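Single-structure report; data block below.
In this text the structure is predicted, and so the values were computed from the model without any measurement.
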Amino acid sequence: MLEAGRFCTWNGLITANKLFSGTNCYFHRLCRAVLQVAQQEAQRAVFVAERVKQERQQKILQAEGEAEAIKMISFLTK
């Protein structure tokens, strides 16, 4: 089997560039698609992490508000 980038000196054989050009094109497209998917997954992970951070902050604020309400109610009922 021929290695990519090597040329055959025998006149009857197709050069390696011609032999592998279609394969390289296919793998280039495949590689590009894989990289796009990886980039999208990374962006999604950032989005999910930000959403979790915001939900955490929301729960903290809600708990602080409820604690303040309980303090007010207990003060008013004394």
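- No hydrogens or angles considered: nothing links the side chains of Gln54 and Gln58 as a donor-acceptor pair under 3.5 Å.
- Side-chain contact between Gln39 and Gln43: present, with at least one pair of heavy atoms (C-beta onward) separated by less than 4.5 Å.
- Note: Glu50 CD to Glu55 CD = 11.0 Å, rounded to the nearest 0.5 Å.
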* **Worked verdict on Gln62 versus Glu66 for side-chain hydrogen bond (donor to acceptor under 3.5 Å, both in side chains)** => CA-CA 6 Å; Gln62 182 178 356; Glu66 289 174 0; 3.3 Å; yes
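- The CD atom of Glu68 lies 11.0 Å from the CD1 atom of Ile73; values are rounded to the nearest 0.5 Å.
- A heavy-atom distance below 4.5 Å is not found between the side chains of Lys53 and Arg56.
- Note that CZ of Arg51 is 7.0 Å distant from CZ of Arg44, once rounded to the nearest 0.5 Å.
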